[in-house]
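Everything on this sheet refers to the single structure shown next.
In what follows, every heavy atom counts, from backbone to side chain, and hydrogens, waters and symmetry copies are set aside. Every chain is numbered from 1, with letters handed out A, B, ... down the list of sequences.
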Amino acid sequence: MNDAPYLTIVVTGRNDDFGGDFNGRFFRALRFNHAQLAAAGVSHEFVFAEWRPIDGRHYLATLLAREFSDLGASGLRSFVVDPLYHDALSLNPRLAYQEFIAKNVGIRRARGAFVLSTNTDIYFGRGIISRLAERALERGVLYRAARHDLKATIDTTRTDWDVLEDERNCEIVNAIRPPYFTNASGDFLLLDRESCHELRGFNEVYRSAKIHIDGNFCMKAYACGLTLVDIGGVVYHVGRGTLHAQVGLYRGRPGEAPWGDIRWRSDVVYNNPPEWGLGLAPELPLDAHTTFLPFEWNAVGPMVALKRVVLPAVQQGMG
Amino acid sequence: MKQTGTFGFVRVARYTEAVEYQKKAESRALRLEQQLETSREQSRGWKAKADQAHEALKQVQKTAAETRQKLERAEARAADLQVLQQRLAESERALTVAREQLMAIEVKLDILEGAANVLDARTRTVLMRRTATERGAPV
């Protein structure tokens with residue numbers, strides 16, 4: 001794997017207009033991030049995991065490949081997951097999208113020396129780009145970045161450093177603190193590929209909620225003895241996000257929220273099976289960029305694996 | 001010449017000298033008497049002070065004995081406190097472990113509840129289809 005890039009950026013989504021103008025927001029952020037990384041000489045690939053694609057609509061992976069044909073087959077790889085996997089893995093019918101299992105699909109298949117799990121509408125700050133350009137990231141270190149939420153009213157059709165860094169545009173800073181550095185952690189989790197495999201990705205044992213699964217990963221990394229640090233740069237997001245917009249609707253009935261019950265005990269650490277990230281799923285190439293993962297029961301682990309829930313204080317070791 | 005009662009006559013000079021000597025002796029006797037009185041006074045004062053000191057010594061000895069008892073009681077309490085602190089630390093550790101185990105159990109129950117609900121829904125779907133087929137209704 002001599003041509004492996006330094007960085008793999010893993011994101012997930014589908015063609016459902018989630019949050020409004022999903023595809024537009026995704027494409028603009030990806031275009032921006034790719035341009036900045038390329039300008040800084042950071043070799044990279046994007047891995048897009050499309051989970052539970054909507055019947056009768058184009059795959060978002062297809063639209064993405066059209067939009068970014070300049071990236072080439074090695075610069076953009078997409079994995080479209082058969083929607084039957086969602087049904088087979090569901091432990092909560094209210095969850096329409098198993099975001100973190102989708103990201104695991106991408107993380108497992110990443111080729112970069114370092115893997116950045118983030119979201120489709122996240123813009124990398126200047127400090128992030130310069131840290132990546134130094135090529136001085138260390139193994140066994142989980143890098144986190146604070147997210148700055150920009151005002152939803154700003155014009156995103158022409159996003160550049162001036163707009164992102166203008167303090168007048170900043171609405172909220174989602175600060176991160178040791179030891180776990182949670183708080184919007186799903187927007188920036190950067191770790192070397194070997195450690196990603198040793199940790200076996202995000203929690204696939206507890207599938208009743210997707211909220212706090214990102215923070216749960218930070219705790220897992222901490223419990224496994226990894227070092228967690230603030231990378232020093234920030235990432236940007238336009239608006240406060242869909243979760244923030246809807247959280248008030250479910251304050252009195254948290255069990256009915258579409259992201260699962262926010263009260264779940266996410267301090268508990270997990271131990272994913274070796275076939276995490278749909279590792280046993282067959283792969284069917286659709287085109288140069290896109291691979292389809294057809295459904296097979298063999299690729300789906302047991303519905304319940306209680307021994308894979310472990311106490312938080314237990315230092316597990318990895319693997 | 002002066003006549004004396006016992007020895008008869010002495011010379012005036014000798015007599016004057018004797019009288020002078022007698023006066024000095026009387027004066028000296030008086031001073032000695034005063035000094036003796038002063039010494040007696042001082043002796044009484046020192047005796048009173050000695051009595052006071054003795055009394056104070058007895059008081060201090062009593063206080064020391066009480067303090068020693070208090071110290072022994074305090075040492076005993078400190079030992080008890082140390083034992084209690086150890087027990088408290090052990091209890092806190094046990095509480096932490098119990099909380100973590102409770103947390104893990106809650107998560108496991110969530111998983112079981114989710115799985116039961118999903119399996120229930122799947123079973124109902126199959127059963128409803130089967131019932132509809134048996135009744136000849138379109139599925």
Can you tell me if [X] has over 12 outside heavy atoms packed within less than 6.0 Å of its [atom1]?
| X | atom1 | answer |
| --- | --- | --- |
| B:Q86 | CD | yes |
| B:R73 | CZ | yes |
| A:F295 | CZ | yes |
| B:R44 | CZ | yes |
| B:E66 | CD | yes |

Contact origin within B:E106 toward chain A - heavy atom pairs under 4.5 Å: side chain
Interatomic spacing from CG in B:L102 to CZ in A:R265 - rounded to 0.5 Å: 6.5 Å
Contacting region of A:D87 [heavy-atom separation from chain B under 4.5 Å]: backbone
Non-hydrogen atoms of A:L306 and B:K108 that approach each other most closely: O-CE, 3.2 Å
Chain A contact residues among residues 112-128 of chain B, heavy-atom distance under 4.5 Å: B:L112, B:G114, B:A115, B:V118, B:L119, B:R122
Per-residue contacts, residues 202-213 of chain A versus chain B, heavy atoms under 4.5 Å: A:V205, A:Y206, A:S208
